[in-house]
Amino acid sequence: MLLNPRQQEAVKAIEGPVLVLAGAGSGKTRVITEKIAHLIQRCGYPARHIAAVTFTNKAAREMKERVGQTLGRQYTRGLTVSTFHTLGLTIIRKEVTKLNMKPGFSLFDDQDSFALLKALTEPELDGDKTLLKLLQSQISNWKNAMLSPEQALAQAQQPDDQMFAEFYRRYQQNMKACNAIDFDDLILLPTLLLKTDEQSRTRWQNKFHYLLVDEYQDTNTSQYELVRLLVGERANFTVVGDDDQSIYSWRGAQPQNLALLQKDFPKLKVIKLEQNYRSHGRILKAANILIENNPHVFDKKLFSEMEYGVPLRVIYGRNEEHEAERVIAEIVRRRFLERTPYHQFALLYRGNHQARVFEKALISNRIPYRMTGGQSFFARAEIKDIMAYLRLLVNPSDDTAFIRIINTPKRGIGPHTVERIGDLAHELHVGLYEAADHQALKTRLGAREYQSVQYFVDFMKRAARRCDHGADAASALFDLLKLIGYEEWLYESSPSVSAAEMRWKNVNELMRWITEMLKGDDDAEPLTLEQAVAKLCLRDMLSRNEEEEQGDQVQLMTLHASKGLEFPHVFMVGMEEGLLPHQSSIDEGMVEEERRLAYVGITRAQQSLIFTMARERRQYGDVIRPEPSRFLYELPQDDLEWEEQAKANEAARENARASGLELLRKAMED
DNA sequence: ACGGATGCAGGCATA
DNA sequence: CTGCATCCGT
């Protein structure tokens, strides 16, 4: 298919800054892909001087794949297609010395950060979960806004803010001691470095001559700053975004960055893609009308040349179980009547917890399904354990990893012993692992405990040595796994044999990835253990391994996770006040973002769209009777069939037929 | 002092 | 329903 004029314009505008406002389903991935091809083939840009940045690994993989298909693999060698975070990691790794970091640094995920925060605020916060979560997101906000602990403290108005700023300082200090950085640092550190160090800035500006950024409305302040620093004076770049699909302000995204661009780059060329190739007319109309309730920076009206399609529907369940049953009945009906395969249906919901009921119903009806997101592979305890072993191997200062595995599997080292090690570490100003290996520990522990600790340190040392020198790090890891008896431990500690089997399977899957990464393959260089561990921490696997088998399965995911995807038939479930818009968003006056979320959901649908809700819903202990979501009332009612209304129409039609009132029947059908 | 078991509390944003 | 705390047995 040929590109339309607007798309062509977007592809061919290569001098100076370009903003592509790409509505949902307007073919933006295609534009980015074609543009990369154009730059390489027509404009003589070497692939290694082009970088395309996305937000998710999935998007990055897909884009790499599609550029490869368009151009042929040999042309894409050296091309950088990665997420912001991976790009940040690349820069950090090349600049470790300038950043005063030791190689082999650990990447803390949210859980690791949380654990650390909890530990170092113990006296003040006493493990208060809500406060800790608040603190964690506050620190994240500060980092995304590029504020140091000192600046945060200076800005603090109330004593509470001052306390949080103080915790922020403590946190940073401890991260440094652990030779660890968190996800926000992956952007912040490169940004600060490029800002202050001219040499580094020049190096990276010379590395990338052209920059493309996808989902630009999701960038936060430090990401935007990084973009600006990377493109420099030359300002040759293309960003693609849609302010109507900005749904991540809660993690620091600044959709204003779209407008800011025009101010910072007066020469900015703005191109709108408004033709939608995805959805039937009715669906698009509904989406347009809904989003008109929001204020806009750039006016944009999507149109479609596709058929108008069937009406949108609203169906009810008595309660959430019944809601799920009705959705499933509809899927089954359409599968048999219209031969629609399962994979063409998607169930979209606001919160992960909503998935449970639907999962249950799908299982009991033996309908295959695939759930994206939710409890991910890397959140599983067994994976976190193994990852902690790996992290400690490459970074002996990683105290969080040490604490996780010092007694997993159980080897007789309890909290008391760990505390003693902690005391010593504190006195000597070293990490826990180093303290555990210290002479002085012998006099402070009982003989049995000391021996257990020695045993642990001993095999870790040996494993680390084999990983460093030996060509075969992989087999060292397998031996380590054997030695600690992890498989046996899983069978002892799991609630059932099948759970243990599952967990062991996961561990093996992880080991397989590592082995492959260490070995390398056709389009991937062999990695050091250090690099492999970092990649795993970013959940950034090279090959397509972690794509699970995709049979004919109903798709389940959150509205957030659905962005960028499309499905022939969509169910948006739980369309109720309190769920969508979510109660806390209503309370905080953040309904506009919820509306965008609804907009994202609606524009995923290609052919049919059904909204569902429950009349009664269990919440915590009690039962509530939710109101229909305000968004349903904002949709064009002519294109929306409410169930009762449909039933009423049906009844009237029936009556008319029975009484032979031909005219009335005709009227009803209009 | 460690580790397993049992009982109770609070819990749902969204990657 | 899950995760943590506490208690008790070894």
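By convention in this document, chain letters (A, B, ...) are assigned in the order of the sequence lines, proteins followed by strands, and residues within each chain are numbered from 1. Since the model is a prediction, treat every value here as computed from it, not as a measurement.
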Pairs under 3.5 Å (N/O, protein and nucleotides 12-14 of chain B):
residue: B:dA13; atom: N1; partner: A:Ser585; partner atom: OG; Å: 3.0
residue: B:dA13; atom: N3; partner: A:Arg350; partner atom: NH1; Å: 3.3
residue: B:dA13; atom: N3; partner: A:Arg350; partner atom: NH2; Å: 2.7
residue: B:dT14; atom: OP1; partner: A:Asn352; partner atom: N; Å: 2.8
residue: B:dT14; atom: N1; partner: A:Arg350; partner atom: NH2; Å: 3.3
residue: B:dT14; atom: O2; partner: A:Trp250; partner atom: NE1; Å: 3.4
residue: B:dT14; atom: O2; partner: A:Arg350; partner atom: NH2; Å: 2.1
residue: B:dT14; atom: O2; partner: A:His560; partner atom: NE2; Å: 3.4

Is the centre of the A:Trp489 ring less than 6.0 Å from the centre of the A:Tyr491 ring? no
Between atom CG of A:Asn293 and atom OH of A:Tyr599, what is the distance when rounded to the nearest 0.5 Å? 13.0 Å
What integer number of Å spans the P atoms of C:dA5 and B:dC12? 16 Å
Once Watson-Crick and G-U wobble pairs under 3.5 Å are found, how is DNA chain B written in dot-bracket notation, 5' to 3', with | for any base paired to another strand? ||||||||||.....
Whole-Å distance between B:dA1 P and A:Gln451 CD? 18 Å
Rounded to whole angstrom units, what separation is found between the CG atom of A:Asn407 and the C1' atom of B:dA1? 12 Å
Could you go through the side chain to side chain donor-acceptor pair (under 3.5 Å) check for A:Tyr171 and A:Ser113 one step at a time? CA-CA 9 Å; A:Tyr171 172 76; A:Ser113 303; 3.1 Å; yes
Ring center gap for A:Phe345 and A:Phe567 short of 6.0 angstrom: no
Whole-angstrom distance between B:dA13 and C:dC4, as gauged at atom C1': 23 Å
What is the distance, to the nearest angstrom, from the NZ atom on A:Lys410 to the P atom on B:dA5? 11 Å
In whole angstroms, the gap separating C1' of B:dG11 from CZ of A:Arg356 amounts to 13 Å
Please report, rounded to the nearest Å, how far the P atom of C:dG3 is from the CD atom of A:Gln111. 10 Å
Walk me through it: do A:Lys563 and A:Glu215 pass the test salt bridge (charged side-chain N to carboxylate O under 4.0 Å, His left out)? CA-CA 10 Å; A:Lys563 192 164 76 155; A:Glu215 304 282 12; 3.4 Å; yes
Do A:Tyr455 and A:Phe459 have their ring centres less than 6.0 Å from each other? yes
B:dG11 C1' sits how many Å from A:Lys133 NZ, rounded? 13 Å
Name the residue closer to the 5' end of DNA chain B, choosing between A:Arg251 and A:Arg411 according to the nucleotide with the nearest heavy atom. A:Arg411
Criterion side chain to side chain donor-acceptor pair (under 3.5 Å) on A:Thr612 and A:Glu323, from CA distance to verdict: CA-CA 7 Å; A:Thr612 76; A:Glu323 179 192 11; 2.6 Å; yes
d(OH, A:Tyr450; C1', B:dC2) in whole Å: 20 Å
In whole angstrom, what separates A:Glu320's CD from C:dC1's P? 12 Å
Member of A:Asp184, A:Asn220, A:Asp182 meeting the side chain to side chain donor-acceptor pair (under 3.5 Å) criterion with A:Lys143: A:Asp182
Once rounded to the nearest 0.5 Å, what's the spacing between atom OG of A:Ser140 and atom CG of A:Asp110? 7.5 Å
From the set B:dA1, C:dT2, B:dA15, return the single nucleotide nearest to any side-chain atom of A:Glu449. B:dA1
